[in-house]
Amino acid sequence: MSDNSLALKPVDTLTLDEAQAELARLSAEIATHDRAYHAEDAPLISDAEYDALRARNLAIEGRFPDLVRADSPSRRVGATPSEAFGEIRHSRPMLSLDNLFADEDVVDFAEGVRRFLGLPAGTVPVFTAEPKIDGLSLSIRYEGGRLAVAATRGDGLTGENVTANVRTIADIPNQLPAGVPDVVEIRGEVYMGRQDFFALNERMRAESGKVFANPRNAAAGSLRQLDPSITARRPLRFFAYAWGEMPRLAATQYDTVRLFADWGFPVNPLMVRCASVEEMIAHYHRIEADRAALDYDIDGVVYKVDDLALQERLGFRSRSPRWATAHKFPAERAFTVLKDIEIQVGRTGALTPVAKLEPVTVGGVVVSNATLHNEDYIKGIGQSGLPIREGRDIRVGDTVIVQRAGDVIPQIVDVVVDKRPETSAPFIFPTTCPACGSHAVREERGDGRLDAVRRCTGGLVCPAQQVEKLKHFASRNAFDIEGLGDKQIEFFHALQEPELRIRTPADIFTLERREAKSFKRLRDFPGFGATSVKNLFAAIEARRAIALNRLIFALGIRHVGETNAKILARAYGTWEHFEEAMVAAADKAGEAWTELNAVEGIGEVVADAVVDFFAEPHNREALDALLDEIAPQPMEAPTVVASPVAGKTVVFTGSLERMTRDEAKATAERLGAKVAGSVSKKTDLVVAGPGAGSKLAKATELGIEVIDEDAWLERVNGL
Ligand code: IVH
């Protein structure tokens, strides 16, 4: 039977073999249409025809559940592009950079480096200075001289596999010259030139009416295409400026990057070496002045310690190297009129004032909303309680200055009092929640002052908090439920029908069952069709197995963002273990509390917030209901650093002569040791220099191993 006649055969008459062939055909055909629709913005068939294909696929799968393909369209639903690409674990983390803004901060940065290294006062090591390209970073791994894999930065530890797309970028060689080491990982920035960006947008406007907001988004959107032939048609460029796994090939940053140029990679021509802080700052201002003449967007200058041996000694903080920093250009600003101040209620109840603006273009992007931070900010009072903007308050009707820096939410930074309408009045910040009417209060902080944030006391009773918590729960970095975006959450939350509405996270997962029992059908609501309902249910289904860190992040516990969620997930491994420990930690004299506080990266504020969350009966109830529906996946065990000091508690005492105290501590921590300030029974190793006193005595008394600085360096050298 030919493909076509099979396509017409009723589902209930298909044989097993025919069903298998038909599922394969449907998978390929639907994939073609998905691509045409999403990536090329050029659908080949009508929505109804497309729906029919999907429906047929589902019907066959319903009859032959064993034939469901790994790449079935019913499973593809809800897969975000990121998952569609497959993940790559970076051999070395891809770090980000700390930012600084003022020239004086460069002095502090260089001085901090000097002190860390214990160099003589008044000297600084040589730094390189180069433009900070506004694109997205990429790591390209070559094995045996051939391009093997390429990955985006992702969360720094794992990125998306974009190898096929990267092979289409002309700036990036597929083959390196003979003599290059077996494994080299070149890192740098993928970007789009400004002229190319304008031309691409013109083409896209004509073809689909959709355009990219800026060259950075255009570069990201072009690199993250499921179909490499689309990437190939986009004018992507590349600058090499760093590396991952690679033997050391030169003594300095500068010479290594030069080597990359010899291998055929574009490197930025504005990179220079600077022998003093003055030279660094001068180069920054030179680049800033030339900025508009460049054909690509840059958002600052990056300084790096040139000597690679020093880079190694300086090492890393959790997310960024100590040997490099970004000196950002000032944000872009524009004048406009403040039309209104709206109060939004966040998921933790924070009342945030949002400026509604006469739309204005700031650095190429149209801005009509901006944050006003909090009540004090509007009044002209800063974080420290002292006046800001010389005490000028902000009023509706005022002409204001909006500032936008990179991807940060635009903010109002100042007001032009001369242009203030005579009728204006100071803004009165509400003391009740605009969503639920509960009191909104400013809690007293530890230092006796009031918290800057006014919060609704309504808790879970407040519909705004409920909705925001749900939005967060379903959002991209949490449960990532496709088809359950902010708008849909608002819709489901507002529904009157108890069988269809969503008020708690568990409700999301019981929705399909409840709908099946209801007289009303979701597909009959405006905005929903049979297909979108089916897709939504499939997307929800696909998230029942959820990564532990995503689950912890999704709970929306105060102070627990993505990073802390990951730290906690790694520390506790499974949900059961985590939950049990957090409940037990309510006893602050107990072991669980001590253990929580000992988790590297978790401070008392975070620990308190997590414990409070689990102590709240409402939360426990909601969690129990949720856990009946989902299956949190255990977190893979953290990669244990293979080092002789991993897991040990080390104390440094006396004076150190070959390294600074900070450096010793950083090395120990990098190798998986914990550094303590005092000697106790839990201490495993004491490193004692000349002049060591009571700590050394105590260590001897307790029978703890004591070594000197040389022995320490011998143990950790080369690790
Ligand atoms: S060095 C270990 N150099 O800025 C340090 N980064 O904010 C690795 N970037 O993720 C980064 N131009 O995507 C470096 N000349 C440059 C850069 C640069 C742009 C990006 C990069 C990084 C981000 C950090």
Side-chain angles (χ1 to χ4, degrees), residues 90-101 105 109 113 127-140 150-160 162 166 171-172 185-193 214-217 219-220 223-224 236-246 248 252-254 256-258 260-261 265-274 280 283-284 286-288 290-291 294 296-308 310-329 331 405-408 666 670:
H90 299 302
S91 58
R92 307 271 154 83
M94 285 184 82
L95 300 158
S96 64
L97 294 168
D98 275 356
N99 292 328
L100 48 87
F101 291 89
D105 297 340
F109 164 67
V113 167
F127 284 91
T128 59
E130 70 200 58
K132 184 167 187 300
I133 317 296
D134 200 3
L136 67 156
S137 48
L138 181 72
S139 183
I140 318 160
T152 60
R153 178 164 178 270
D155 64 1
L157 299 176
T158 44
E160 293 164 343
V162 288
V166 166
D171 270 355
I172 297 177
E185 281 178 13
I186 305 293
R187 293 179 174 177
E189 203 84 353
V190 174
Y191 68 98
M192 194 177 286
N214 53 47
R216 208 192 77 84
N217 288 358
L223 185 65
R224 299 173 69 257
L236 290 176
R237 311 291 315 264
F238 183 73
F239 278 127
Y241 54 64
W243 57 95
E245 186 179 344
M246 186 178 86
R248 189 180 292 179
T252 62
Q253 174 79 28
Y254 191 87
T256 309
V257 173
R258 287 271 127 232
F260 294 165
F265 291 95
V267 303
N268 194 284
L270 299 174
M271 176 173 67
V272 300
R273 276 179 167 134
C274 303
M280 291 159 75
H283 194 58
Y284 167 88
R286 237 182 341 258
I287 292 179
E288 186 183 26
D290 286 349
R291 185 178 179 190
L294 299 175
Y296 47 87
D297 282 356
I298 62 175
D299 56 353
V301 169
V302 182
Y303 306 122
K304 300 172 188 170
V305 170
D306 194 33
D307 184 329
L308 298 184
L310 295 184
Q311 280 192 8
E312 197 166 305
R313 281 181 60 195
L314 284 154
F316 305 92
R317 287 180 225 92
S318 63
R319 267 167 282 185
S320 56
R322 276 195 203 86
W323 45 264
T325 198
H327 188 177
K328 300 291 279 286
F329 294 134
D407 287 342
V408 188
R670 181 170 57 77

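Atoms within each ligand, like the ligands themselves, are counted from 1 in listed order.
Taking atom 2 (C) of ligand 1 as the reference point, the nearest protein heavy-atom neighbour is Pro321 CG, 3.6 Å. Protein heavy atom in closest approach to atom 5 (C) of ligand 1: Leu97 CD2, 3.9 Å. Shortest contact from atom 3 (N) of ligand 1 to any protein heavy atom: Lys304 NZ, 3.1 Å. Lys132 NZ, 3.9 Å is the protein heavy atom nearest to atom 23 (C) of ligand 1. Scanning the protein heavy atoms around atom 12 (N) of ligand 1, the nearest turns out to be Ile133 N, 3.0 Å. With hydrogens left out, the protein atom closest to atom 13 (O) of ligand 1 is Glu189 OE1, 2.8 Å, a heavy atom. Summary of contacts: the protein heavy atom closest to atom 8 (C) of ligand 1 is Leu95 O, 4.2 Å.
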Might you work through the side chain to side chain donor-acceptor pair (under 3.5 Å) test for Arg187 and Ser139, ending with a clear yes or no?
CA-CA 4 Å; Arg187 293 179 174 177; Ser139 183; 3.0 Å; yes

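Across the listed options Tyr191, Trp243, Tyr241, Phe239, Tyr241 owns the non-hydrogen atom lying nearest to atom 11 (C) of ligand 1.
Asp297 and Arg291 are not joined by a salt bridge, as no carboxylate oxygen comes within less than 4.0 angstrom of a charged side-chain nitrogen. With respect to Glu288 and Arg286, no salt bridge is recorded, no charged nitrogen being found less than 4.0 Å from a carboxylate O. Comment: Glu312 engages Arg248 in a salt bridge, judged by a side-chain N to carboxylate O separation of less than 4.0 angstrom.
Checking Tyr254 against Asp307 by side-chain atom types alone, no donor-acceptor pair falls below 3.5 Å.
Judged by distance alone, the side chain of Arg153 and the main-chain N or O of Met94 form a donor-acceptor pair under 3.5 Å. When atom types are taken as modelled, the side chain of Thr152 and the backbone of Glu160 share a donor-acceptor pair closer than 3.5 angstrom.
Partner of Tyr303 under the side chain to side chain contact (heavy atoms under 4.5 Å, CB included) criterion, out of Met280, His283, Glu130: Met280 alone.
Residue Ser320 places every heavy atom at 4.0 Å or more from ligand 1. In this structure, Ala324 has no heavy atom closer than 4.0 Å to ligand 1.
Contacts between Pro131 and ligand 1, counted as non-hydrogen atom pairs separated by less than 4.0 Å, involve the backbone only.
Between Ala242 and ligand 1, no N or O atom pair is found at a separation short of 3.5 Å.
Numbered from 1 in the order shown, with element, the atoms of ligand 1 that lie under 4.0 Å from a heavy atom of Glu130 read 3 (N), 15 (N), 16 (C).
Residues Leu97 and Ser320 have side chains not in contact (no heavy-atom distance under 4.5 Å, counting atoms from C-beta outward).
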